[in-house]
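In what follows, a structure is listed as C-alpha cells, so that the remarks can point back to it.
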Amino acid sequence: MSLTKKRGRGMAAAWYGIARTAAMDQAGAWAEIDDGGTAKIVTGVTEIGEGILTVLAQVAAEELGVKPENVMIGENDTSRSPEAAHAGATRQTYMIGNAVALACRQAKNKLFAQIAKEWNVDIQTLKAHDGEIWSEGTNYRIPMSEAIKICKKKYGVVPVGGENYTSHHTGLHPEDGSGKPWQAYVFGGQVAEVEVDTATGEVQLLGIWACHDVGRAINPKGVEGQVEGGVVQAVGQALMENFELDNGKTSSGNLAKYILPTSLDVPKVKTKIVEDPDPLSPLGAKGIGEPAMVPTAPAIMNAIYDAVGVRIKSLPATPEKILSALREKQRKSLNKSLN
Amino acid sequence: MSEIKLNLSINGKNIKRSTKSHYRLLDFLREDLDLTGTKEGCGAGECGTCSVFVNGKLIKSCLMPVAKVNGSKIETVESLGTPDKMSEVQKAFCLTGASQCGFCIPGMVMAATSTLRNNPKSSLEEIKEEMGGNICRCTGYQKIFEAVEIARDVINKKQNKNVFDKYYKPENSFIGANVKRIDAPSKVTGNLKYAADMKMQNMLHMQVLRSDRPHAKIKKIDLSKALKLKGVVTAVTSDDVPGIDNFGVFVEDQPVLAKNKVRYVGEAIVAVAAESVEIAKEALSKIKIIYEDLPCLFKSEEALKNKILIHEDYKTNVVKHIPIRKGNIDEGFAKADVIIEDDFSTQPVDHAYLEPMAGISYVDQDGVLTIVSPSQNITHHRHMMAKIMNLPIHKVRFIMSPVGGGFGGKEDMIYQGMLALLAMKTRLPIKYVMSREEDIVSTAKRHPTKTHYKMGLLNNGKITAVEIKTLSDGGAYGCSTEGVMRKAAILGAGPYHIENLKMDTIGVYTNNTPSGAFRSFGALQTEFATESMMDLASEKLNLDPFEIRRVNAFKKGDLTHTKQKLNSASINNVLDELEKLCKWDKGSSNHRGEERKDLNSSDNRESCTLGARLETNRSRVSK
Amino acid sequence: MLKYDNYYIPKTLKEYAKMCNSIGNYRIVAGCTDTMPWAREGRAGDVYFKNIIDVSKIKELNYMKFAKKNISLGAATSFQDIFLDKKIRKNLKILPQISVWFADDQIREQATLGGNIVNASPAADSTPALLSLNAKVIIGVIKGDKIIKKTLTLKEFVRGRNKVALGKKDLVIGFDMDNLNDYQACFEKVGHRRSLVISTVCVACVLKVKNNKFEDIRISVSGVCEIPQRLLKVEKFLIGKQVSHKNIFEASLLELNVINSRTRKDYRKQVLQNFIVRSILKSLEKNTSKNLNLNFIKDNLEKEYLHVRN
Ligand code: FES
Ligand code: FES
C-alpha cells in the first residue's frame with residue numbers, strides 16, 4: 001500500500017484491413033456538374049458522424065474543379081440513390097470516395113470535351129480548380145458557372161457521370177485460412193502516459209501519442225477527429241466500461257451504471273498522420289475509423305505496468321483490479337524480503 | 001389525462017398554453033413546441049443532450065418537470081443562433097470540427113455557452129469541469145475543448161474573429177485541406193432532424209414488450225386486455241410475419257419478434273401501436289405472457305459442450321470457427337529461446353451512441369413500404385425486409401435518417417421489422433423511439449473474449465511461432481459474430497511477420513445479450529492480447545518495445561498470416577514517426593516508470609484533481 | 001416515466017401544511033434530480049402519483065445564515081449555491097469541496113442539500129461533510145395546520161439505507177452546523193470516473209492544529225457502510241496528540257471495521273485507510289504553520305506502509 005501517484009508510459013502497434021472482409025466490396029455513385037458551377041453527387045453513403053459527406057465534397061470538388069461548399073450530396077435512399085453499401089469496416093472513404101472520384105471524372109470529361117471544342121484547344125490543356133476552368137498556356141479562363149452554361153445551352157450536353165469502385169478480396173480457405181481478405185492495409189501505433197494513484201488504483205490517462213497511416217488524408221482534421229474519438233472509446237474499454245450480466249440480466253442498464261468517459265477522464269491526444277498511398281486505387285486514401293482505437297487499450301495496460309509494475313490482462317483495468325494486483329505484488333516482495 | 005396551464009417565456013417569446021401535467025420540460029419543448037434541438041439521450045440526467053437554460057442557469061431538462069418552471073424564462077439551443085447567423089461558440093465548433101454525429105452537440109454548445117457566460121475567461125481546466133455533465137461518444141472531446149477555447153479568445157478579443165473563416169488548404173488542391181464539415185452548421189444549431197425529431201400526420205407510436213427471461217418457451221401470449229384499451233390500435237407478434245422471418249448481418253437467425261421461445265433478456269415479443277407513447281406503454285403492462293423456463297447457457301466454455309442448444313436447428317452452439325494455419329508451430333517453438341504463455345480477456349461493451357434507436361415507417365401512395373431510420377446499412381436491410389415482408393424489392397424503401405452515432409451498433413435491423421409489420425397492418429405512419437434503458441438491454445454489444453496465447457521468440461526478439469486461441473461469447477443471435485471472428489483471426493497476431501502461426505477464433509451462442517458489430521470488430525480484442533504479449537517479451541528479452549516490434553514488423557513483399565503478399569507496409573515508418581512524436585526514452589518494458597526521462601511533457605493534460613474553480617474568483621453571492 | 005395529475009408548489013410552510021392535510025396520494029419532491037431517474041425502467045419503472053408537492057420554493061427552506069459559531073442553511077439550498085457562494089467557501093470549506101464532486105454543474109443547480117440527506121443513500125456525498133460539521137437537522141413536524149420545529153442530530157436523523165426519521169408529512173427545513181472557518185478541510189472520493197461519478201468510498205476530514213498537535217479533528221465516511229459515519233475512535237485517538245507519521249498511521253487502522261458494504265469489501269478497506277491518511281495530510285498541507293515538516297511525515301508514512309503485510 002502506498003499513497004503516491006506514479007507515472008509511466010507504454011506503447012502498442014496495430015494493423016487493420018480496409019473495407020469488407022474476405023468478400024468483394026463495391027460502391028456506386030452518380031455525379032453531375034450543375035448550374036452555377038455547382039455539383040450534385042448521389043450515392044448510398046451513410047454519414048455516421050465521421051465526416052464522410054465532407055470528404056466526398058472535397059473529392060468531388062477536387063475532381064470537378066468546383067468549390068467544396070458548392071457540392072450538394074443527395075440523401076441516402078434505397079429507392080433514389082445508387083448502392084454504396086454500409087457504413088462500417090472502415091470502408092466509406094476508400095470505397096465511396098473512389099466511386100465518387102471516378103464518377104466525377106466521367107462528368108468532367110463530358111464538360112471538358114465541350115469546352116475544348118468551344119475554345120478550340122486540346123482537351124489535355126484543360127484544368128479546373130476552385131470554381132474556375134482554364135486552358136494551360138492560353139489566356140482562356142472562365143468561371144465554372146460560365147462553362148456549364150456553354151456546355152448545356154450551346155452544345156446541349158448535361159455533364160453527368162455514373163461509376164462504380166470495386167475492391168477485389170477473396171474468401172479464406174476453410175482449413176488454413178489463406179486468402180486475400182483485403183487489398184489495402186493500414187498500420188498504426190500509440191503511446192500512452194498514465195498516472196496511477198496507488199491509494200485508490202485509479203488511472204488517469206494523461207496523454208496519447210497516436211501515429212497512423214491513412215493512405216492519404218483527404219481532410220486531416222477529420223482524421224484527427226477519428227483518432228481522438230477512437231482513442232477515447234478505447235479509454236472507456238480499457239478503464240471503465242463494462243456491460244455486466246448476471247444470469248443474463250444486466251446490472252449496467254443505464255448511463256449511471258454503464259460508465260462512459262467524461263470530459264474529465266480523457267487524455268490529451270497528439271496525432272501524427274503518416275501517408276502511404278494505396279497503390280491500387282485512384283485516390284490513394286485508405287481509412288482510419290476502426291484502426292484508430294486498436295492500439296489504445298494495450299498501450300494503456302503497458303503504461304500501467306511501466307508505472308506500478310502490475311500487468312492487467314483482463315479489461316477493464318478498474319481501480320479495484322489495480323489495487324488488488326498492487327497488494328498482491330507487495331505481498332510477494334515482502335515475502336521475498338522476509339525469507 | 002390531466003393538463004396544466006403554462007405561462008412562460010421561451011426563447012424570448014411568451015407562451016401561454018396547456019400541456020400534459022406530467023410532462024418534463026424536455027417533453028414540452030420537443031412534443032408541443034417542436035423545439036427538437038434539445039435531445040433525449042438518456043432521460044435520466046446522465047448525458048447532457050437535453051441541456052437548456054432556466055432563468056439563466058443551465059439545467060438538464062429531462063430532470064425538470066415542466067410544472068416546476070412555470071413562469072420561468074427558458075432558452076434552448078434554438079435561441080443561440082441559426083445556420084446563417086451563428087454564435088461565436090457555434091462558429092468555433094464548426095471551425096475545429098467539434099461535431100461528429102452531432103447528437104450531443106446542441107447540449108455541448110449550451111454547456112460551452114453557459115461556461116463562457118459564467119466566466120468569459122474560463123481556463124481549460126474550468127471548461128472541462130463545467131462541461132463534465134455532457135457526454136460525447138464520438139469526438140473524444142478534444143475538438144470541443146479546442147472550440148470553446150477559441151470562442152473564449154474571440155469573445156475576449158484575444159483572437160480576431162476572422163479565424164472562423166479560415167482553414168488550411170494546400171495550394172491547388174482540396175485533398176489534404178481542412179475543409180469545414182458541411183453538416184456542421186445544422187448540427188451546432190440543433191437544426192438537423194434525427195428520426196426521433198420527426199413527426200407525420202396521423203402517426204401512431206410503437207412500444208415493445210420484451211422478455212425478462214434469458215431462455216424460455218412462450219406458451220401463450222394474451223393480448224385481449226391490451227387491445228381493449230382506448231387508444232390502442234393494434235399489436236403484432238411473430239405470427240404476423242408474412243415472409244421468411246429472420247435477419248442478421250452474417251447469419252440470418254433472428255426473428256423480428258420472438259418465435260416460440262425467447263433467447264435473451266430484452267428480446268422483443270409483442271409490438272403495440274397506439275395513439276400515444278403513454279397509451280402504448282400502458283398496453284404493454286396489460287399483456288400476459290405465459291412462459292416455460294428452459295435451462296440456460298451463460299458461459300461460452302459451457303456452450304461448446306452443446307448440452308443445451310440455443311438454436312435447435314443448428315445442432316451446435318458454435319456460430320463460427322475461423323482457423324488460420326501457417327508454417328509449423330512445433331518447429332517454431334522448438335527453435336525459440338524463450339516461450340511466453342498467458343491468458344487475456346475482454347469485457348462486453350455497449351456502443352452507447354448518444355442517439356437511442358429510433359425510426360418511422362409508413363406505406364406511401366404507391367404502396368411502397370418505407371422505413372426511415374438511422375441505420376448503418378440500409379442496403380442490406382432492404383434485402384432482408386423484402387424477404388421478411390414477402391414484398392418485391394422495389395416495394396421496400398429505406399431512407400437513412402441522420403445517424404446519432406453508430407459504431408457498428410446500428411448495423412443490426414432489430415426494430416425496423418416491427419415498424420414494418422405495424423405500418424403494413426395499419427397503413428398509418430408508425431414511430432418508435434427507444435429509451436436509453438431499452439436500447440442498452442436489447443441491442444448487441446462488443447464481443448467479450450478469452451484468449452490463450454503462446455509466443456516463442458529468439459533472444460534477438462524475432463518471433464518464431466505463435467499460437468492463439470480465442471473463445472468469444474456471441475450471445476443469443478448470430479448478428480456479426482461470423483465476421484467478427486474472421487477479422488479477429490486474420491488480424492489478431494498483429495502487424496508482424498510470423499513464419500509459424502496457429503490461430504483459432506470461435507464464437508458461440510449463449511443466452512447472453514447478443515454480441516455484434518462494434519468499431520474495430522474483433523481485432524481490438526485479439527490485438528490487445530498480442531500487444532500485451534509483445535510488452536511481456538520486451539521485458540523478458542530486455543529489448544525496447546519499439547525495437548522488438550521493428551524486428552518483427554511486416555515489410556513490403558512479406559506474406560501476411562493469411563499468406564497474402566503485401567504490396568506495401570508502413571509499419572516501420574509509423575513506428576519511427578511515433579517514437580519521434582512522443583520523444584520516447586529508450587529502454588525495455590521493465591517497470592521503469594520512475595526512472596523514465598520522457599514523462600511530464602506539455603503534451604499531457606494536467607492530472608485532474610477537480611475543483612479548478614474553487615481556486616478562481618468565480619463565485620456567486622446567493623440570495 | 002413519472003406520471004401525476006397535479007404538481008403543487010407551495011410558497012410557505014403554512015401553505016404546505018394545508019396542502020398535505022387536504023390532498024391524498026402525494027409525493028414530496030425538491031430538486032427532482034433523484035426522483036426523475038428513479039421512475040424509469042430497471043429502477044422503479046413507471047410510477048403514478050395523484051399529486052406531487054414540490055417543496056423547493058418554500059421560503060422558509062431557502063436561507064443562509066452566518067454567525068460566528070454557527071451557520072444555518074435552508075434545506076432547499078442547491079449544491080451549486082453551496083459550491084459557488086463566497087461565504088460558504090470561506091466558512092464551510094468542506095461543503096464546497098464535496099459539491100465539486102457532486103454529479104455535475106447542471107444537476108447541482110437543481111439538487112438540494114435537504115433532498116440529498118433525506119434520500120439517505122449510502123453513497124450520499126453530503127452526509128459525511130455534514131457529519132464533520134456537527135450538523136443538526138431542523139425538522140418541521142406538521143400537527144394539524146401547525147408546524148412544530150424539532151431538532152435532531154444527523155446521526156439521529158439518518159436511520160439506515162434510504163431510511164430517515166421523518167414522519168409522512170414532515171419535512172426538513174434546514175441544517176445548523178458549526179462554523180469552522182479556522183479549520184482545514186479535505187474531501188477524498190473515488191468512483192469509476194471523475195464527473196457524474198457514483199462514489200465507492202468518500203472521506204471528509206476537517207481539522208485544526210495547534211503547536212503541532214491535533215486540536216480537533218473530525219473524519220466521516222460514506223460509501224462503505226449503510227449509513228455515513230464519523231470515525232470517533234480515530235478522532236479520539238488523535239485529538240491532543242502530536243502530528244506525526246506514527247500517530248496518523250496508527251489512527252488509520254483503528255476503525256476499518258466500519259465497512260459493511262455488500263460488495264468490494266477488501267477494496268473499500270484499503271482505500272478507506274489510504275483516504276484517512278491522505279485526507280489528514282492534505283488538510284495539513286493547507287495549514288500555514290511553518291513548524292510542520294510535512295515531507296518528513298509523508299516519507300515516513302510511505303515507509304510505514306511498506307512494512308504492513310495485509
Ligand atoms: S441528461 Fe437529459 S437526456 Fe440525458
Ligand atoms: S458528436 Fe458527440 S456524441 Fe456524436
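Hydrogens, waters and symmetry mates are skipped; everything else that's a heavy atom, side chains included, is used. Per chain, numbering begins at 1; letters A, B, ... match sequence-line order.
Residues that satisfy the ring-ring contact (aromatic ring centres under 6.0 Å, His included) test with B/Phe145, not counting sequence neighbours, are absent from this structure.
Defined by atom type and a distance below 3.5 Å, a donor-acceptor pair is missing between the side-chain atoms of A/Tyr258 and B/Glu46.
Salt bridge annotation for A/Glu47-B/Arg181: present, with a cationic side-chain nitrogen under 4.0 angstrom from a carboxylate oxygen. Ion pairing between a basic and an acidic side chain is recognised when a charged N comes within 4.0 Å of a carboxylate O; B/Asp212 and A/Lys249 show no such pairing. Salt bridge annotation for B/Asp342-A/Arg311: absent, with no cationic side-chain nitrogen under 4.0 angstrom from a carboxylate oxygen. Ion pairing of A/Glu290 with B/Arg519 is absent here, as no side-chain N (NZ or NE/NH1/NH2) approaches a carboxylate O to less than 4.0 Å. In this structure, A/Glu175 does not pair ionically with B/Arg325, as no charged nitrogen and carboxylate oxygen lie closer than 4.0 Å.
Below 30°, between 30° and 60°, or above 60°: for A/Phe187 and B/Phe554 the angle between ring planes is above 60°, a perpendicular geometry.
Panel note: side chain B/Tyr141, backbone A/Pro261; a donor-acceptor pair is recorded below 3.5 Å. With hydrogens and angles ignored, the 3.5 Å screen pairs a side-chain donor or acceptor of B/Gln100 with a backbone N or O of A/Gly225.
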TODO: Let me see the working for A/Glu224 and B/Lys143 under salt bridge (charged side-chain N to carboxylate O under 4.0 Å, His left out), right down to the final yes or no.
DONE: CA-CA 9 Å; A/Glu224 278 170 28; B/Lys143 303 263 182 273; 2.6 Å; yes
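Of the atoms belonging to A/Ile273, not a single heavy atom falls under 4.5 Å from chain B.
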